[in-house]
Amino acid sequence: MNLDFLKACRGERVSRTPIWLMRQAGRYLPDYQRVRSRGTFLDLCKTPDAACEVTLQPIDILGVDAAIIFADILLPLEGYGVKLQFSDGEGPRIDPPIRRLAQIDQLPRVDPIETTGYVMSAIQLVKKELSGRVPLIGFSGAPFTLACYLVEGGVDKNFIEIKRLLYGDPLTADRLLDALVQLAIDYLAAQVSAGADAVQLFDTWAGQLSVADFRRFVVPGIKQIVTVMHQRFPTLPVIYYVNGAGLVIDEMRETGVDVIGLDWRVDLGEVARRVSDRSLQGNLDPTVLFGSRDEVRRRALKIVEDGRQARGHIFNLGHGVLPRTDPGMARYLVDLVHGDAR
Ligand code: CP3
């Protein structure tokens, strides 16, 4: 197996910087569009053969060093009896939103096999099809980001409903976050048992919080997830991605994660000089791929250089690949990082 990704996560030496891209399987790939045109996004997620096929596409098309299972952070929330909807251009919707104490008190513990057994089946298929070529990453939404979707029923640009809960009734917010910590642990553990070689927690919306609120509402839950995952799976790398990581690097470090995932706003070299006992992942601005090849090369190679100062560095974008990205430019980026392109 190409072990560069796992080695970099653990801070072991690698001969070239490993790379994968958040949302590497998605609408920017014509091959994905072809599979996706057979049904809805949810159908695709719930059909293990199809999910397996699109998971593998970027391995061949881009030449990345890791696969990430094709699924979504919102899928396990169906275990709460809510209806998920993904309609083009609007962002996901959750119906009904979960906001009131009476609802939160009654949230069941979600059985990951019962609710998302199709994800575990897809993982088993992918592991077989990969036959050891590259490792497979499993993932979960982080509790705060999941809470945003549940409480808002989608996302609102001011995050009023989730903040109404945090600042109006913090103890109820804690109960919801505790339930989501358990959900993330159960969901991730099932993925590792099915074959995932590393896991990533996505905290897309944690950057909406002040540093003090990040400490209060986010850090304890992430710490608990990381602690339990490390107890159950001692060698499992856990990656924690925060969009808005720049202000909370020390807090992310404090959670005990193996890899700190950075968005593009922060200087990776600076973080590498400050944090010497964790690996770093990131952090090219995904919109740079809409620029010229020269600019992509200049910026990507700067990040590769900066990454050499880190304990370990996994190249990635600072957020997901955008739908109109040229797949040729994504391939060029992978080749650059591997030292195979000029
Ligand atoms: O990275 C991968 O290739 C694995 C698959 C993956 C998807 N979503 C597939 C997807 C992963 C890791 C995610 C994570 C995810 N989902 C996050 C965290 C990362 C981030 O982007 O911040 C979030 C916030 C979600 C929730 C979600 N799912 C949103 C906001 C959307 C709609 C946005 C859009 O572009 O329409 C989805 C749908 C979704 N998840 C798509 C894909 C490929 C697009 C579905 C389609 O129409 O084909």
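Starting from 1, each residue takes its place in the sequence as its number. Counting starts at 1 for both ligands and their atoms, in listed order. Scope of the values below: all heavy atoms of this structure, side chains included, with no hydrogens, waters or symmetry mates.
Close N/O approach between Asp72 and ligand 1 is found [any backbone or side-chain N/O within under 3.5 Å]. Of the N or O atoms in Gly91, none lie within a sub-3.5 Å distance of an N or O in ligand 1. For Trp20, no nitrogen or oxygen atom sits less than 3.5 Å from a nitrogen or oxygen atom of ligand 1, counting backbone and side chain alike. Checked against a 3.5 angstrom limit, the closest N/O atoms of Tyr241 and ligand 1 fall outside it. Close N/O approach between Thr145 and ligand 1 is not found [any backbone or side-chain N/O within under 3.5 Å].
Ranking the protein heavy atoms by distance from atom 21 (O) of ligand 1 puts His319 NE2, 3.3 Å first. At the shortest separation from atom 45 (C) of ligand 1 among protein heavy atoms lies Phe41 CD1, 3.3 Å.
For Asp213 and Tyr167, the side-chain atoms include at least one donor-acceptor pair closer than 3.5 Å.
Taking every non-hydrogen atom of Phe86 and a distance limit under 4.0 Å, the qualifying atoms of ligand 1 come out as 28 (N), 37 (C), 38 (C). Using a 4.0 Å cut-off to heavy atoms of Thr204, the atoms of ligand 1 that qualify are 18 (C), 19 (C), 20 (C), 22 (O), 24 (C). Of all atoms in ligand 1, numbered sequentially from 1 with element shown, those under 4.0 Å from a heavy atom of Pro92 are 27 (C), 29 (C), 30 (C), 31 (C).
By the criterion of a heavy-atom distance under 4.0 Å, the backbone of Ile69, and not its side chain, is placed next to ligand 1.
Using modelled atom types, no side-chain atom of Arg27 and backbone atom of Arg36 make a donor-acceptor pair closer than 3.5 Å.
Using a 4.5 Å heavy-atom threshold, the side chains of Leu268 and His313 count as touching.
For Glu270 and Arg274, the salt-bridge test fails: no basic side-chain N is under 4.0 Å from an acidic carboxylate O.
Taking a 4.0 Å cut-off on heavy atoms, Cys45 fails to register as neighbouring ligand 1.
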